[in-house]
Amino acid sequence: MMTAPYVKWSEDVLNTFIQNYEAKVYEAFEKAKSTGKLKKGTNEVTKAVDRGQAKLVAIALDVDPADIVMHLPELSEEKGVRYVYVSSKEKLGQACGLHTQAAAAAIVEPGESKQLLDELIKALDTLLKK
């Protein structure tokens with residue numbers, strides 16, 4: 001897998017996460033779409049992170065140009081918001097209920113995805129040794 005320039009994880013961690021948890025990320029966004037609240041698109045996600053509203057940010061790895069989402073990992077870390085990478089902006093858009101792609105999305109209110117969200121955060125803590 002080609003690593004995008006904005007990825008701050010090691011390749012091992014990234015590959016492990018994508019293989020084991022990517023489907024759960026999409027599922028969490030699908031559940032939050034109908035029972036919680038999402039922010040879709042880089043601008044909305046940036047505002048949600050900046051305002052401390054985002055619970056989890058997903059950043060697609062196939063964003064071109066990369067500058068569109070380049071700031072999100074750093075901003076998320078600065079604001080103490082967990083973020084993950086997913087391989088497809090197309091799938092991320094679909095999971096958010098869009099008929100278009102989403103370079104980034106954020107769960108603001110998890111709704112019925114709370115259990116999945118907790119599982120993903122626990123996995124992140126383990127993978128990233130936090």
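Thr46 is listed as a side-chain neighbour of Leu72, based on a closest heavy-atom distance under 4.5 Å. Counting heavy atoms from C-beta outward, Val57 and Val84 have side chains that stay 4.5 Å or more apart.
Interatomic distance, Leu117 CG to Leu56 CG, rounded to the nearest 0.5 Å: 5.5 Å. Taken from CD in Gln94 to OG1 in Thr100, the straight-line distance is 10.5 Å, to the nearest 0.5 Å. Interatomic distance, OG of Ser76 versus NE2 of His71, reported as 8.0 Å (0.5 Å rounding).
Scored by the ring pair (Phe, Tyr, Trp, His ring centres under 6.0 Å) test, Tyr6 finds no partners at all (sequence neighbours excluded). Among residues two or more places apart in sequence or in another chain, the side chain to side chain donor-acceptor pair (under 3.5 Å) test is passed with Thr42 by none. Under the side chain to side chain donor-acceptor pair (under 3.5 Å) criterion, Asp118 pairs with Lys114, not counting sequence neighbours.
Heavy atoms only, all atoms of each residue included: Ser88 and Ala60 are closest at C-CB, 4.1 Å. A pairwise comparison of heavy atoms in Ile121 and Lys55 identifies CD1-O, 4.5 Å as the closest pair. Closest non-hydrogen pair, Tyr83 versus Pro73, comes out as CE2-O, 3.6 Å. Taking each heavy atom of Leu38 and Ala32 in turn, the nearest pair found is CD2-CB, 3.7 Å. Taking each heavy atom of Ala28 and Leu120 in turn, the nearest pair found is CB-CD1, 4.2 Å.
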Starting from the C-alpha separation in whole Å, work towards a yes-or-no answer on side-chain contact (heavy atoms from CB on, under 4.5 Å) for Lys47 and Gln53. CA-CA 8 Å; Lys47 285 186 235 170; Gln53 300 168 329; over 6 Å; no
Starting from the C-alpha separation in whole Å, work towards a yes-or-no answer on side-chain contact (heavy atoms from CB on, under 4.5 Å) for Leu14 and Leu61. CA-CA 10 Å; Leu14 180 64; Leu61 291 170; 4.2 Å; yes
Side-chain donor-acceptor pairs under 3.5 Å in residues 101-113, sequence neighbours left out?
unit_1: Gln101; atom_1: NE2; unit_2: Glu90; atom_2: OE1; d: 3.3
unit_1: Ser113; atom_1: OG; unit_2: Pro110; atom_2: O; d: 2.7

Which atom pairs, donor and acceptor, lie under 3.5 Å between side-chain atoms of residues 17-25 and protein residues at least two apart or in another chain?
unit_1: Asn20; atom_1: ND2; unit_2: Thr16; atom_2: O; d: 2.9
unit_1: Glu22; atom_1: OE1; unit_2: Ser87; atom_2: OG; d: 3.3
unit_1: Glu22; atom_1: OE2; unit_2: Tyr26; atom_2: OH; d: 2.9
unit_1: Glu22; atom_1: OE2; unit_2: Ser87; atom_2: N; d: 2.5
unit_1: Glu22; atom_1: OE2; unit_2: Ser87; atom_2: OG; d: 2.5
unit_1: Lys24; atom_1: NZ; unit_2: Glu119; atom_2: OE2; d: 2.4

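Between the side chain of Lys89 and the main chain of Val63, no donor-acceptor pair closer than 3.5 Å is present.
With hydrophobic clusters built from ILVMFWY side chains whose heavy atoms lie under 4.5 angstrom apart, Leu116 does not share a cluster with Phe29. Note on Ile68: it clusters hydrophobically with Leu92, by side-chain heavy-atom contacts below 4.5 Å among ILVMFWY residues. Ile59 and Leu98 are members of different hydrophobic clusters when ILVMFWY side chains are connected at heavy-atom separations under 4.5 Å. Linking ILVMFWY side-chain heavy atoms closer than 4.5 Å, directly or via other members, places Trp9 and Val81 in a single hydrophobic cluster.
Applying the side chain to side chain donor-acceptor pair (under 3.5 Å) test to every pair with at least one member in residues 30-40, sequence neighbours left out, gives no pairs at all.
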